[in-house]
Amino acid sequence: MKTSWRTASMVASAAAVLALTTACGQETAPPATGQNVGATAAAGDYGAIGSGAGQAGGAQASASPSGTAGELNVSTNAELGKVVTDNLGLTLYRFDQDTAEPPATNCEDDCAKTWPPVPADDATAGEGIDKALLGSVTRADGSKQLTVGGWPAYRYVKDVNAGDVKGQGVGGKWYALTPEGKKAQAADRPGLATREDAKLGEIVVDKDGMTVYRFMKDEAWPKPVSACTGACLEKWPAVSPVDFADTEGIQKKGYMTFTRPDGADQQTINCWPIYTFAGDKAPGDTNGQGVGGTWYAVRPDGKPVGATEK
């Protein structure tokens with residue numbers, strides 16, 4: 001993957017000027033800018049346990065995955081790299097509002113229904129897991145929760161199959177655990193790319209994997225015009241310029257930037273302004289699809305998914 005996007009900010013102003021002089025439809029694409037598991041300890045040994053954080057991500061579920069952890073293993077995810085899984089292959093997560101030194105959990109009540117704590121009692125280190133990094137923390141109800149590198153470990157109720165990582169990035173606070181107890185992070189990805197959605201087909205996503213949308217009240221010809229201004233931009237942030245060299249699978253024709261009424265530069269695909277949706281909380285979400293009958297996910301050629309072109 002090319003990495004010219006790292007210099008995009010240096011050329012954004014020049015790109016905007018060039019974009020305005022490039023007619024939509026032309027082929028030219030302007031540049032844009034711890035304690036060992038099983039040991040016994042009193043709850044106070046780990047400091048105060050949080051009284052409970054609000055449920056991050058907003059998911060609700062009454063059922064939880066298997067109550068035991070069993071032998072922990074390492075699974076390799078195509079985007080995140082190595083992550084810790086339980087004996088069923090379910091991904092384990094950590095919560096940013098917890099602490100590792102000393103280990104303490106702040107996910108209680110409804111939060112713990114969505115993110116079931118992983119029991120420590122039967123957890124063992126499988127291949128790729130350093131048993132010295134496994135420990136436990138005593139929760140408010142007296143149960144012992146597994147820790148990895150000091151971080152309390154959880155499952156996510158929406159992960160139903162081995163290898164699922166639907167909890168990654170939820171609420172900007174939940175991340176899959178690496179074998180070292182760190183946050184699993186996606187590898188450096190293109191500024192704009194495509195992914196295959198089970199319901200929508202091939203759609204455009206940004207570098208964070210978030211779905212990209214079109215607003216049917218916008219205009220593309222003879223030049224791009226955004227009808228999303230003011231409070232609209234709080235829900236539908238405009239996509240900033242992305243150098244075409246930092247894209248994968250996106251149509252080159254009509255790939256240009258334009259200057260919005262507020263003076264900011266915005267990216268287009270086939271001359272159509274593009275946005276993300278504040279209601280999408282994690283990569284793979286498509287909560288903006290069809291909102292108000294005017295917002296639709298974008299195809300690589302700039303066409304809206306499930307809507308008729310003007």
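In this chain, residues are counted from 1 in sequence order. Model, not experiment: these values are computed from the prediction.
In this structure, Glu219 CD and Cys271 SG are separated by 12.5 Å, a value rounded to the nearest 0.5 Å. Distance check: Asp285 CG to Asp197 CG gives 10.0 Å after rounding to the nearest 0.5 Å. The distance from the OG1 atom of Thr194 to the CD atom of Gln251 is 13.0 Å, given to the nearest 0.5 Å. The OG1 atom of Thr68 sits 12.0 Å away from the CG atom of Leu146 when rounded to the nearest 0.5 Å. Taking CG of Leu72 as the reference point, atom CG of Leu92 lies at 6.0 Å (rounded to 0.5 Å). The OG atom of Ser226 sits 12.0 Å away from atom NZ of Lys217, with the distance rounded to the nearest 0.5 Å.
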- Query: Does the pair Glu309 and Arg214 meet the rule for a salt bridge (charged side-chain N to carboxylate O under 4.0 Å, His left out), with working shown?
  - Reply: CA-CA 11 Å; Glu309 286 274 18; Arg214 254 188 60 181; 3.3 Å; yes

- Query: For Ile269 and Ile250, what are the C-alpha separation, side-chain angles and deciding distance, and is it a side chain to side chain contact (heavy atoms under 4.5 Å, CB included)?
  - Reply: CA-CA 8 Å; Ile269 296 179; Ile250 307 299; 4.1 Å; yes

- Which is it for Lys144 and Asp121 under the salt bridge (charged side-chain N to carboxylate O under 4.0 Å, His left out) test, yes or no, and what are the steps along the way? CA-CA 7 Å; Lys144 291 188 180 298; Asp121 295 335; over 6 Å; no

- Message: Assess the residue pair Thr124 and Glu71 against the criterion (side-chain hydrogen bond (donor to acceptor under 3.5 Å, both in side chains)); give the C-alpha distance rounded to whole Å, side-chain angles, the decisive distance to 0.1 Å, and a yes or no.
- Response: CA-CA 5 Å; Thr124 59; Glu71 184 179 72; 4.9 Å; no

- Which is it for Thr91 and Tyr156 under the side chain to side chain contact (heavy atoms under 4.5 Å, CB included) test, yes or no, and what are the steps along the way? CA-CA 8 Å; Thr91 304; Tyr156 183 42; over 6 Å; no

- Trp151 and Phe95: CA distance, side-chain angles, deciding distance, ring pair (Phe, Tyr, Trp, His ring centres under 6.0 Å) verdict: CA-CA 8 Å; Trp151 288 96; Phe95 184 33; 9.4 Å; no

- For Thr259 and Asp265, what are the C-alpha separation, side-chain angles and deciding distance, and is it a side-chain hydrogen bond (donor to acceptor under 3.5 Å, both in side chains)? CA-CA 4 Å; Thr259 302; Asp265 293 330; 3.0 Å; yes

- So Tyr93 and Val83, side chain to side chain contact (heavy atoms under 4.5 Å, CB included) or not? Walk me through it. CA-CA 9 Å; Tyr93 297 88; Val83 298; over 6 Å; no

- Query: Run the side chain to side chain contact (heavy atoms under 4.5 Å, CB included) check on Tyr275 and Val298 step by step: do they pass?
  - Reply: CA-CA 9 Å; Tyr275 311 78; Val298 179; over 6 Å; no

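Counting only heavy atoms from C-beta outward, the side chains of Pro190 and Thr247 never approach each other to under 4.5 Å. In this structure, the side chains of Val204 and Arg299 stay at 4.5 Å or more apart for every pair of heavy atoms. Using a 4.5 Å heavy-atom threshold, the side chains of Thr105 and Pro117 count as separate. Residues Ile274 and Thr268 have side chains not in contact (no heavy-atom distance under 4.5 Å, counting atoms from C-beta outward). Side-chain contact between Lys223 and Phe258 is absent, with no heavy-atom pair separated by less than 4.5 Å. Put simply, the side chain of Thr211 reaches to within 4.5 Å of the side chain of Arg195, judged on heavy atoms. Within the 4.5 Å cutoff, the side chain of Ile129 has heavy atoms near those of the Val74 side chain. Gln266 places none of its side-chain heavy atoms less than 4.5 Å from the side chain of Ser240.
The side chain to side chain donor-acceptor pair (under 3.5 Å) search around Ser75 returns none, not counting sequence neighbours.
Under the 3.5 Å distance criterion, the side-chain polar atoms of Glu234 are left unmatched by any main-chain donor or acceptor of Ala278. Side-chain atoms of Asp109 never come within 3.5 Å of backbone atoms of Cys111 as a donor-acceptor pair (strictly under, hydrogens ignored). No donor-acceptor pair closer than 3.5 Å links the side chain of Thr138 to the backbone N or O of Gly142. Using a distance-only test at 3.5 Å, with no hydrogens or angles considered, no donor-acceptor pair links the side chain of Asn270 to the main chain of Gly254. Listed for the Asn73 side chain is no donor-acceptor partner under 3.5 Å among the backbone atoms of Gly89. Looking only at distances, no side-chain donor or acceptor of Thr99 sits under 3.5 Å from a matching main-chain atom of Glu101.
Taking Ile, Leu, Val, Met, Phe, Trp and Tyr as members and joining any whose side-chain heavy atoms lie under 4.5 Å apart, directly or through other members, the hydrophobic cluster of Ile203 also contains Leu200, Val305.
Listed by first then second residue, pairs satisfying salt bridge (Lys or Arg N to Asp or Glu O under 4.0 Å) with a partner in residues 89-100 read Asp96-Lys183, not counting sequence neighbours.
With respect to Glu108 and Lys113, no salt bridge is recorded, no charged nitrogen being found less than 4.0 Å from a carboxylate O. Between Arg260 and Asp262 a salt bridge is recorded (basic side-chain N to carboxylate O distance below 4.0 Å).
Between Arg139 and Cys107, the shortest heavy-atom distance links the atoms NH2-O, 2.7 Å. Of all heavy-atom pairs spanning Pro152 and Ala104, the tightest one is CG-O, 3.6 Å. Between Tyr255 and Val242 the shortest heavy-atom distance is OH-O, 2.8 Å. Across all their heavy atoms, Val137 and Pro103 have their closest contact at CG2-O, 3.4 Å. Across all their heavy atoms, Leu90 and Ala162 have their closest contact at CD2-N, 4.3 Å. The shortest heavy-atom contact between Ala120 and Ser136 is CB-CB, 3.6 Å.
Using the six-membered ring where Trp is involved, Phe215 and Trp295 have ring planes that are parallel, under 30° apart on the 30 and 60° scheme. Between Trp236 and Phe277, the angle of the ring planes stays under 30°, which puts this pair in the parallel group of the 30/60° scheme.
A donor-acceptor pair shorter than 3.5 Å cannot be found between the side chains of Gln267 and Thr257. With no hydrogens or angles considered, a side-chain donor-acceptor pair links Asp280 and Tyr213 at under 3.5 Å.
Of the residues Asp86, Asp164, Thr85, the one that meets the side chain to side chain donor-acceptor pair (under 3.5 Å) test with Arg155 is Asp86.
Residues Val205 and Val165 do not share a hydrophobic cluster, clusters being chains of Ile/Leu/Val/Met/Phe/Trp/Tyr side chains in contact below 4.5 Å. Residues Val212 and Phe244 fall within the same hydrophobic cluster, defined by Ile, Leu, Val, Met, Phe, Trp and Tyr side chains chained together at heavy-atom separations under 4.5 Å.
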